[in-house]
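Basis for what follows: all heavy atoms, side chains included, without hydrogens, waters or symmetry-related copies. A, B, ... follow the sequence lines: proteins, then strands. Residue 1 opens every chain.
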Amino acid sequence: MRSIVPVLTVVGVIFALWYAAAIWLNAAWAYDKAKRADVALSTSELVADTWSQEKPRLPAPHQVGAEIWKTTGAMVAKGRAFSKRSLIYHSWITLSATLLGFALGTGLGILLAVGIVYNTVMDRSVMPWVITSQTIPILALAPMIIVVLNAVGISGLLPKAMISMYLSFFPVVVGMVKGLRSPEVMQLDQMRTWNASASQTFWRLRLPASMPYLFASLKVGMAASLVGAIVGELPTGAVAGLGARLLAGSYYGQTIQIWSALIMAAALAAVLVAIIGVIQRVTLSRMGMA
Amino acid sequence: MTDKQAENTGTEQTVILAEKLDLTFQTNDGPVHALKGVSLDIGKGDFVSFIGPSGCGKTTFLRCMADLEQPTGGTITVNGVSPEAARMARAYGYVFQAAGLYPWRTIGRNISLPLEIMGYSKADQAERVSRVLELVELAGFENKFPWQLSGGMQQRASIARALAFDADILLMDEPFGALDEIVRDHLNEQLLHLWARTEKTIAFVTHSIPEAVYLSTKIVVMSPRPGRITDVIESPLPKERPLDIRESPAFLEVAHRVREGLRAGHAHV
Ligand SMILES: Nc1ncnc2c1ncn2[C@@H]1O[C@H](COP(=O)(O)OP(=O)(O)OP(=O)(O)O)[C@@H](O)[C@H]1O
Ligand SMILES: [Mg+2]
């Protein structure tokens with residue numbers, strides 16, 4: 001209970017600022033309309049107008065809320081949850097690419113980390129490339145990945161997942177290398193005194209020791225994956241997915257649609273990261289590490 | 001044990017034999033002579049303590065026996081074979097200064113870890129775990145995690161772990177260094193009982209003269225720069241040692257000799 005109060009306070013402050021900003025940003029258009037219609041606006045009329053424009057610069061929270069409801073809950077009620085107009089459908093498209101990319105990125109990241117920890121040649125040769133890969137702006141790279149994969153006949157889910165993977169493997173490599181190297185020299189010496197094989201040392205010492213690092217990386221990787229999937233939907237003019245909604249919204253000045261897609265993406269990220277958090281808590285407490 | 005020295009000629013069978021052992025670490029500040037011309041033999045069933053000022057090479061010597069460090073000169077054999085072969089044969093348990101229990105394993109599963117690695121059967125593992133827990137008086141703590149135990153209990157658990165498998169050599173590097181006097185006395189007493197019951201050969205590093213004299217059949221005094229043995233004292237104390245033996249004249253005499261040995265070592269520097 002005690003933790004809910006500060007959270008609600010912050011939410012309240014955000015909403016207040018948001019409504020105020022909506023008045024400020026949308027007032028110009030409201031005055032413009034009033035001038036053309038040749039009427040004078042009272043303050044309350046002005047406020048009412050700025051919070052209910054069709055294409056506001058900044059939509060008010062309740063407008064975004066209504067739009068999200070219209071494209072999610074209301075669609076479900078009508079039994080059309082997966083129609084092209086439903087935000088649930090678009091979220092699912094993005095989510096599937098995110099999850100596939102996340103799984104691929106996590107797998108690749110763990111494999112690379114194991115290679116780097118066990119092989120000095122890989123340690124010296126791979127790590128610089130891993131770091132370099134993240135210095136290339138993904139916005140420049142994404143279209144190329146999409147176009148190249150399209151050229152070889154791969155389109156749809158996989159190219160987007162590749163971009164997700166590209167963004168999400170990095171935190172996993174970095175975290176897992178650190179995690180796999182986290183056992184102390186003493187613990188490794190101990191394994192040696194028992195004449196443990198390399199694979200026994202890996203499964204019984206290095207891997208369990210790396211778990212806290214892995215979960216921290218997975219959270220970052222999951223968020224990066226979602227960004228990757230959305231970015232992957234932008235350059236192709238995709239017709240489905242949250243990225244496509246963002247793009248379409250900006251073509252037609254549908255700010256309410258843009259904002260509802262943004263909020264949806266944020267909520268999706270929060271839920272995904274929270275799920276990893278729950279798995280983390282359960283796993284680590286079972287391991288006696290939390 | 002299937003070593004060649006099984007039928008040794010002497011009255012006492014040699015378990016660890018070091019001859020003119022040298023170990024020089026190459027560091028950025030030049031070579032460090034951690035061990036120089038160290039010769040020693042440890043017989044079966046001996047309890048040998050190593051004592052000496054910090055940096056005299058006690059840990060290094062123990063690590064050479066355990067094949068965790070490679071000597072740069074001389075020879076060392078364990079059970080008549082190289083330390084590496086002895087390690088492969090899982091001839092010894094090594095107790096490090098810190099307990100080093102795995103936080104994600106319960107005490108029971110920490111102790112069964114070497115057993116898993118060595119391929120003991122599940123039933124055998126369970127039987128051994130409960131037996132060694134009994135031995136170090138930790139019965140009932142099998143399902144606790146390490147952080148739920150005090151430092152002394154953790155250290156006992158780590159000793160139990162080294163006792164769980166059939167190694168008849170126990171190498172212990174300041175195992176009680178971090179514990180308070182009372183707990184230490186208690187563990188010393190337990191260790192002696194354990195040694196009497198299991199007839200293991202024990203090499204034990206300590207900084208405490210009373211501890212060394214109380215526990216050992218043989219006390220090895222070392223001095224630093226270069227690390228070497230300055231005195232080897234055979235203890236005249238009986239095998240049966242109640243705690244108050246530490247006030248007996250015989251005990252004090254041995255302690256005095258150890259102290260003299262340590263002083264002499266310092267004078268060399
Ligand atoms: N890996 C290493 N690299 C370089 N020098 C080392 C290494 N290990 C030990 N030494 C040096 O070798 C010497 C002996 O070290 P050792 O750890 O054996 O001493 P010790 O008698 O166990 O001391 P303490 O009582 O403090 O534990 C020291 O001078 C130490 O600095
Ligand atoms: Mg030491």
Side-chain angles (χ1 to χ4, degrees), chain A residues 106 109-110 113-114 117-118 120 124 172 175-219 276-290, chain B residues 59 62-70 78 83-120 143-149 158 161-162 164-167 169-175:
Chain A
T106 303
I110 292 176
V114 171
V117 168
Y118 275 93
T120 38
R124 259 175 269 145
V172 177
M176 278 305 274
V177 165
K178 195 155 166 40
L180 292 173
R181 286 192 175 142
S182 67
E184 297 160 35
V185 176
M186 192 248 279
Q187 290 177 313
L188 293 166
D189 278 347
Q190 208 170 46
M191 278 290 185
R192 199 171 140 84
T193 67
W194 299 327
N195 196 23
S197 68
S199 83
Q200 285 172 328
T201 305
F202 177 78
W203 290 107
R204 289 184 167 78
L205 176 58
R206 286 191 189 272
L207 193 66
S210 73
M211 282 302 127
Y213 298 83
L214 175 64
F215 280 111
S217 299
L218 289 184
K219 286 183 186 169
I276 296 177
V278 169
I279 298 174
Q280 170 181 35
R281 206 157 335 125
V282 171
T283 311
L284 293 188
S285 82
R286 274 188 151 191
M287 288 172 77
M289 284 164 89
Chain B
T59 297
L62 224 58
R63 288 174 63 85
C64 285
M65 297 177 195
D67 187 39
L68 294 174
E69 218 74 76
Q70 303 308 317
V78 177
E84 188 186 9
R87 180 173 66 79
M88 302 284 202
R90 285 143 176 170
Y92 59 83
Y94 197 112
V95 180
F96 292 82
Q97 181 160 6
L101 300 171
Y102 290 15
W104 58 87
R105 283 178 169 248
T106 59
I107 296 302
R109 293 198 60 236
N110 260 291
I111 294 171
S112 66
L113 176 64
L115 303 177
E116 278 171 32
I117 287 169
M118 297 176 190
Y120 286 80
N143 295 319
K144 294 267 188 290
F145 281 102
W147 53 268
Q148 295 171 304
L149 271 62
S158 89
R161 182 176 51 185
F165 50 96
D166 296 317
I169 305 171
L170 199 53
L171 306 174
M172 307 175 89
D173 191 355
E174 295 189 48

Worksheet entry | A:K178 atom NZ: more than 12 heavy-atom contacts under 6.0 Å | no

Can you name the closest pair of heavy atoms from [X] and [Y] and give their distance?
X: B:Y102; Y: A:Q190; result: CE1-OE1, 4.0 Å
X: B:L113; Y: A:R204; result: CD1-CD, 3.5 Å
X: A:R192; Y: B:Q70; result: NH2-NE2, 4.0 Å
X: A:M186; Y: B:G100; result: CE-CA, 3.9 Å

Discussion item. If we define contacts as heavy-atom pairs under 4.5 Å, which of B:Y92, B:F96, B:W104 has the most with chain A?
Written reply: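 With the most close heavy-atom pairs to chain A, the winner is B:W104.
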
Response to the item:
Interface check, chain A: of B:A167, B:P146, B:P103, B:A86, most non-hydrogen pairs under 4.5 Å belong to B:P103

Discussion item. What part of A:M211 gets within 4.5 angstrom of chain B, counting heavy atoms only: side chain, backbone, both, or neither?
Written reply: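 For A:M211, neither part sits under 4.5 Å from chain B.
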
Item to complete: Could you look at A:Q187 and say if it's the side chain, the backbone, both or neither that has a heavy atom under 4.5 Å from chain B?
Response: both

Worksheet entry | Residue part contacting chain A, namely of B:L101, when any heavy atom lies under 4.5 Å |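 It is the backbone, since no side chain atom gets that close.
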
Worksheet entry | Under 4.5 Å from any heavy atom of chain A - which part of B:A162 |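 The answer is neither part of B:A162.
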
Worksheet item: Does A:W194 reach the side chain of B:R161, with side-chain heavy atoms less than 4.5 Å apart?
Response: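 Yes, at least one pair of side-chain atoms sits under 4.5 Å.
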
Worksheet item: Do B:Y94 and A:D189 have side-chain heavy atoms sitting under 4.5 Å apart?
Response: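 With C-beta onward as the side chain, the pair stays apart.
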
Worksheet item: How many angstroms lie between atom CD1 of B:I117 and atom OG1 of A:T201, to the nearest 0.5 angstrom?
Response: 6.5 Å

